[in-house]
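The block underneath contains the structure these notes are about, expressed in structure tokens.
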Amino acid sequence: MTSNDGVVLDVKQLRMRYDDTDVLHDVTFQARRGEVLVMLGPNGAGKTTTIEILEGFRRRSAGQVDVLGADPEHGDELWRARIGVVLQSWRDHAKWRVAELLRHLGTYYAPYSTAHIQRPWDTAELIDLVGLTEQADAKISSLSGGQRRRLDVAIGIVGKPELLFMDEPTAGFDPAARRDFHDLVHRLADLEDTTVLLTTHDLDEAEKLADRILILAGGRVIADGSPDELSRSIAGEAQVSWTVDGQRFVHTTTESTKYVHELFKQHGDAIGDLEVRRASLEDTYMTLVRRAESGEEVAAVHTLTEVTR
């Protein structure tokens, strides 16, 4: 079981080496029960490798990894029953019907229901949860791409996992399906107390979903904090925009309150359309990755550590 302080994932100095190439360098982070942790990073940053190690699908080169109180390399069947995985693509179940497949998969969790904290989802409830009620009796081969992705999510959570891993879960979703998925993640975290670790390239999605964001670049953690903390970590910069006599002005400053005060002293009621905008998550992400790629990753971690610890 998880520790008393609610830590579900505890990763310390994780390293991964392929031949002569290090792809993970001393990756360290934690996740707690009911927390949504979003992992961001450019292609090749080490996100998928990290998740595969945590899932027990890949052996690490060095470091300590504790997942639900166990080392993933030695996790038994009961341990695996407490974990859900949504991959980028699933095996082809084209001949099955939606409800039939989910009902069948749910039977694999039945032997663990007495030891496992939660019983598997009721099939009808699960189908409704992922928005496939109208497709319950449809063959999987007839589903659209977005509907098949919803089914992937349903397969990943059929056993009511305590910990859910998802790799690019909303690929192929339209805006309405993506919004429904966000509601589902919040329900799992808030009502079912599920810990969720997911990767995405959609920064808007990350900002909507994440309690905390972990940014990897070059196999290293370069940032760890809430979306707001990350935005404030970029030297506290803010963009101030305003108009005077119909002319628009924009200025970037680290002292926005003082700057706005001086503006009003100078222009008074002539100021219109005043807006103060802090760095967005996209601005923050691009700045931190750029710093890391230019060799400033240590400074970036130090700055953020002071903010979040």
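Just so it is clear, the model here is predicted, and its values are computed rather than measured.
- Applying the side chain to side chain contact (heavy atoms under 4.5 Å, CB included) test between Y285 and each of I213, I222, I215 identifies I215 as the sole match.
- Closest approach of Y109 and A81 over heavy atoms only: CE2-O, 3.7 Å.
- The minimum heavy-atom distance linking T123 with A99 is given by the pair CG2-O, 3.7 Å.
- The shortest distance between side-chain heavy atoms of L129 and I157 falls below 4.5 Å.
- A distance of 8.5 Å separates CD1 of I140 from CH2 of W96, quoted to the nearest 0.5 Å.
- Using a distance-only test at 3.5 Å, with no hydrogens or angles considered, no donor-acceptor pair links the side chain of R15 to the main chain of R60.
- Atom OH of Y108 has 12 or fewer heavy atoms from other residues, nucleotides or ligands within 6.0 Å.
- R17 places a side-chain N or O within 3.5 Å of a backbone atom of D19 that can act as its donor or acceptor partner.
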*asked:* With side chain to side chain contact (heavy atoms under 4.5 Å, CB included) as the criterion, how do L9 and L163 come out once you've worked through the C-alpha distance, each side chain's angles and the decisive distance to 0.1 Å?
replied: CA-CA 9 Å; L9 288 174; L163 172 61; 3.8 Å; yes

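- A distance-only check finds a donor-acceptor pair linking the side chain of T50 to the backbone of G46 [under 3.5 Å].
- Between V11 and T28, every side-chain heavy-atom pair lies at or beyond the 4.5 Å cut-off.
- With respect to T170, the side chain to side chain donor-acceptor pair (under 3.5 Å) criterion is satisfied by exactly one of R179, R149, H182, E205: E205.
- Counting only heavy atoms from C-beta outward, the side chains of L143 and V98 approach each other to under 4.5 Å.
- With contacts defined as side-chain heavy-atom distances shorter than 4.5 Å, the pair D167/L198 does not qualify.
- By the 4.5 Å heavy-atom criterion applied to side chains, L230 and D228 are not counted as neighbours.
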**Q.** Pair F29-L216, side chain to side chain contact (heavy atoms under 4.5 Å, CB included): steps then yes or no
**A.** CA-CA 11 Å; F29 66 92; L216 270 66; over 6 Å; no

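- A donor-acceptor contact shorter than 3.5 Å is absent between the side chain of D22 and the backbone of L24.
- Under a 3.5 Å cut-off, the side chain of D211 and the backbone N or O of V36 do form a donor-acceptor pair.
- If you run side chain to side chain contact (heavy atoms under 4.5 Å, CB included) between H186 and each of L184, D190, L188, only D190 comes through.
- Other residues, nucleotides and ligands contribute only 12 or fewer heavy atoms inside 6.0 Å of the CD atom of E282.
- Listed here is the closest heavy atom pair of A210 and V38: CB-CG2, 3.5 Å.
- In summary, D137 and R97 do not engage in a salt bridge, as defined by a charged side-chain N under 4.0 Å from a carboxylate O.
- You'll find the side chain of V158 stays beyond 4.5 Å of the side chain of W121, heavy atoms only.
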Pair L151-V130, side chain to side chain contact (heavy atoms under 4.5 Å, CB included): steps then yes or no:
CA-CA 7 Å; L151 179 62; V130 298; over 6 Å; no

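- A donor-acceptor contact shorter than 3.5 Å is absent between the side chain of K139 and the backbone of A94.
- Within the 3.5 Å criterion, the main-chain N or O of V8 finds no donor-acceptor partner in the side chain of T195.
- Within a 6.0 Å sphere centred on CZ of R248, other residues, nucleotides and ligands contribute more than 12 heavy atoms.
- A donor-acceptor pair under 3.5 Å links the side-chain atoms of W79 to the main chain of V67, judged by distance alone.
- Screening residues 257-276 for ring pair (Phe, Tyr, Trp, His ring centres under 6.0 Å) gives W242-Y259, H251-Y259 as the qualifying pairs, with residues at least two apart or on separate chains.
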Would Q13 and D26 satisfy side chain to side chain donor-acceptor pair (under 3.5 Å), going step by step from the backbone distance to the final call? CA-CA 4 Å; Q13 296 182 313; D26 296 329; 4.9 Å; no

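- To the nearest 0.5 Å, the span separating OG on S256 from CD on Q239 amounts to 12.0 Å.
- Note: M286 CE to L203 CG = 8.5 Å, rounded to the nearest 0.5 Å.
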Practice prompt. List the steps and the verdict of salt bridge (charged side-chain N to carboxylate O under 4.0 Å, His left out) for D76 and R80.
Written response: CA-CA 6 Å; D76 57 16; R80 293 192 178 280; over 6 Å; no

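- Residues V244 and V250 do not share a hydrophobic cluster, defined by chaining ILVMFWY side chains whose heavy atoms lie under 4.5 Å apart.
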- Query: Going through the checks in order, is the side chain to side chain contact (heavy atoms under 4.5 Å, CB included) test met by M166 and L164?
  - Reply: CA-CA 7 Å; M166 295 191 283; L164 179 61; 3.8 Å; yes

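- Within the 4.5 Å cutoff, no side-chain heavy atoms of S241 are placed close to those of F249.
- For the pair P161 and G84, the tightest heavy-atom approach, listed with the atom from each and the gap, is CB-N, 3.3 Å.
- Atom-to-atom distance recorded for K12:NZ and D66:CG is 8.5 Å, nearest 0.5 angstrom.
- Within the 4.5 Å cutoff, no side-chain heavy atoms of E162 are placed close to those of I83.
- Taking all atoms of both residues into account, the shortest heavy-atom contact from R150 to G131 is NH1-O, 3.3 Å.
- Taking CG of L102 as the start and CG of L126 as the end, the distance is 5.5 Å to the nearest 0.5 Å.
- In this structure, K47 and G41 approach most closely via the heavy-atom pair NZ-O, 2.9 Å.
- Note that CG of L40 is 9.0 Å distant from OG1 of T199, once rounded to the nearest 0.5 Å.
- E52 places no side-chain N or O within 3.5 Å of a backbone atom of T49 that could act as its donor or acceptor partner.
- The residues D183 and R187 are annotated as not salt-bridged, no charged nitrogen and carboxylate oxygen being separated by less than 4.0 angstrom.
- Looking only at distances, a side-chain donor or acceptor of Q147 sits under 3.5 Å from a matching main-chain atom of S144.
- Look at D224 and R212 and you find a salt bridge, because one of the NZ, NE, NH1 or NH2 atoms lies within 4.0 Å of a carboxylate O, short of that distance.
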